A.B. asks: 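Here it is, the structure in full.
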Amino acid sequence: MPSTSSMSSMPSMPSVSELPPLPRRAVRYPATTVVGPVEAQAARTPDASALVLADGETVSYRELNVSANRLARALAARGARPGAVVGLGTVRRPAELLTVLLAVAKSGAAYLPLDPADTPGRRERLLAEHAPVCVLGEGVPGALAGLDTGGELPTDPPRALTPQHLLCVGCGPGGRPTAVRLTHAEADRRVRELQAAHPLGPGDRVLHLGLPLWEYLWPLRTGAAVVLADPWQEADAGALVRELGVTAVRVAPGVLFDG
């Protein structure tokens, strides 16, 4: 399989291109948040597929946006807002992963990825340092498997969010002590650079493997669909590509060369 530093067709996966790594361009983009473009896309193409699951089930832009709106409002009631942090543990249902990610961003809070496999000492340091208003998912003491969103409004929630607010906090790959503090403006710039290098649009289905959560927002601002493998089952990337009509694959080098 070719390196992630190039874009080329895969002989065993017709019509599929491997997306390049983040390019470095001199183009300056007006700063914005990552939330608005996704909400605008949901308004333009509410019935288009936003998510495609390994079993072939699809979730529309309308369904994803409404679920995220209700969860964002429930999170706001717990204190999620610009400047606050929400922890993310293990999410068992793949469809919930992007709902949670988008909901946290919609609330204005930053998300803190928490790996249940981390040593308790490191995890406790992260929790103490960032003081999340709550932790969603499983595998972390005190985490909430879900929130009751039945009574919440389905509309886009108001928020005093700016491009300079944080989207993600945490530590570097492998638990390195280098802090990660990614703003909305920086994440937005990166996804727009990716879009300029390899344009996505309606009809595209993008499989992401081993990448940071915020990159899932790239296809969702273009009308494309995100293809999600089931994290609890062994996945054959080639089978997913063939069976689910994947048109592009974005792969982390560590996944590409694993083993």
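Since this is a predicted model, take the numbers as computed values, not measurements.
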A.B. asks: Roughly how far, to the nearest 0.5 Å, is NZ of Lys106 from CG of Asn65?
C.D. replies: 3.5 Å
A.B. asks: Just wondering, do Leu136 and Val91 contact through their side chains at under 4.5 Å, heavy atoms?
C.D. replies: no
A.B. asks: Give, for atom CG of Leu217 and atom OG1 of Thr222, the distance between the pair rounded to the nearest 0.5 Å.
C.D. replies: 11.0 Å
A.B. asks: Rounded to the nearest 0.5 Å, how far does OG1 of Thr33 lie from CD of Glu39?
C.D. replies: 7.5 Å
A.B. asks: Checking Arg192 against Thr32 for the side-chain contact (heavy atoms from CB on, under 4.5 Å) test, could you report, in this order, the C-alpha distance in whole Å, the side-chain angles of both residues, the deciding distance, and whether it holds?
C.D. replies: CA-CA 11 Å; Arg192 284 203 266 185; Thr32 187; 3.8 Å; yes
A.B. asks: State yes or no: do Leu101 and Val206 share one hydrophobic cluster built from I, L, V, M, F, W and Y residues joined by side-chain heavy-atom distances below 4.5 Å, directly or via other members?
C.D. replies: yes
A.B. asks: Ignoring hydrogens, what is the shortest heavy-atom contact between Pro154 and Arg70? Give both atom names and the distance.
C.D. replies: CB-NH2, 3.8 Å
A.B. asks: Salt-bridge test for Arg189 and Glu186: reply yes if a basic N is under 4.0 Å from a carboxylate O, no otherwise.
C.D. replies: yes
A.B. asks: In this structure, would Val66 and Leu220 fall into the same cluster of hydrophobic residues linked by side-chain contacts under 4.5 Å?
C.D. replies: no
A.B. asks: When you check the gap from the basic side-chain N to the acidic O, do Arg221 and Asp188 get nearer than 4.0 Å?
C.D. replies: yes
A.B. asks: Could you check Thr99 against Val59 for side-chain contact (heavy atoms from CB on, under 4.5 Å), going step by step and ending with a plain yes or no?
C.D. replies: CA-CA 10 Å; Thr99 299; Val59 177; over 6 Å; no
A.B. asks: Could you pull out the closest heavy-atom pair between Trp214 and Tyr111, with the gap in Å?
C.D. replies: N-OH, 3.2 Å
A.B. asks: Can you check whether Ser60's main-chain N or O pairs, donor with acceptor, with Glu63's side chain at less than 3.5 Å?
C.D. replies: yes
A.B. asks: Do Leu182 and Leu98 sit in one hydrophobic cluster, given that two such residues count as connected whenever their side-chain heavy atoms are within less than 4.5 Å of each other, even indirectly?
C.D. replies: yes
A.B. asks: Under a 3.5 Å cutoff, is there a donor and acceptor pairing between the side chains of Thr247 and Asp204?
C.D. replies: yes
A.B. asks: To check you understand the geometry: which heavy-atom pair defines the closest contact between Leu51 and Ala95, and what is its length?
C.D. replies: CD1-O, 3.9 Å
A.B. asks: Return the orientation label for the Tyr216 and His208 ring planes: parallel under 30°, perpendicular over 60°, tilted otherwise.
C.D. replies: tilted
A.B. asks: Taking Ser67 for the side chain and Leu64 for the main chain, is one N or O donor matched with an acceptor at less than 3.5 Å?
C.D. replies: no
A.B. asks: So, Arg44 and Gln41: side-chain donor and acceptor under 3.5 Å apart, yes or no?
C.D. replies: yes
A.B. asks: With side chains defined as the heavy atoms from C-beta onward, is the minimum distance between His184 and Val35 less than 4.5 Å?
C.D. replies: yes
A.B. asks: I'd like to check Asp47 versus Arg62 (side-chain heavy atoms, cut-off strictly below 4.5 Å). Are they in contact?
C.D. replies: yes
A.B. asks: Roughly how far, to the nearest 0.5 Å, is CZ of Arg81 from NE2 of His165?
C.D. replies: 10.0 Å
A.B. asks: Should we count CZ of Arg78 as having more than 12 external heavy atoms under 6.0 Å?
C.D. replies: no
A.B. asks: I'd like to check Glu129 versus Val169 (side-chain heavy atoms, cut-off strictly below 4.5 Å). Are they in contact?
C.D. replies: no
A.B. asks: Show the numbers, then the answer: is there a side-chain contact (heavy atoms from CB on, under 4.5 Å) between Thr183 and Leu166?
C.D. replies: CA-CA 4 Å; Thr183 65; Leu166 292 174; 3.9 Å; yes
A.B. asks: Please say yes or no: joined through hydrophobic side-chain contacts below 4.5 Å, possibly via intermediate residues, are Leu153 and Tyr61 part of one cluster?
C.D. replies: no
A.B. asks: Let me confirm one number: the CG-CD distance from Leu114 to Glu138, rounded to the nearest 0.5 Å.
C.D. replies: 13.5 Å
A.B. asks: Going only through I, L, V, M, F, W and Y residues with side-chain contacts under 4.5 Å, is there a path from Leu88 to Leu147?
C.D. replies: yes
A.B. asks: What is the minimum heavy-atom distance between Asp118 and Arg123, and which atoms define it?
C.D. replies: O-NH1, 3.8 Å
A.B. asks: Would you confirm whether Arg159, through its side chain, and Pro157, through its main-chain N or O, come within 3.5 Å as a donor-acceptor pair?
C.D. replies: yes
A.B. asks: Once rounded to the nearest 0.5 Å, what's the spacing between atom OG1 of Thr58 and atom CZ of Arg205?
C.D. replies: 7.5 Å
A.B. asks: If every non-hydrogen atom of Ala74 is compared with every non-hydrogen atom of Asp148, which pair is closest and at what distance?
C.D. replies: CB-O, 4.2 Å
A.B. asks: Using the side-chain contact (heavy atoms from CB on, under 4.5 Å) rule, take Arg250 and Leu194 through it: C-alpha gap first, then chi angles, then the decisive distance, then the call.
C.D. replies: CA-CA 10 Å; Arg250 173 90 172 139; Leu194 281 168; 4.0 Å; yes
A.B. asks: Is there a side-chain contact between Thr155 and Arg73 in this structure, where contact means two heavy atoms from C-beta onward sitting under 4.5 Å apart?
C.D. replies: yes
A.B. asks: Work out which heavy atom in Cys134 is nearest to a heavy atom in Leu144; give both atom names and the distance.
C.D. replies: CB-CD1, 4.2 Å
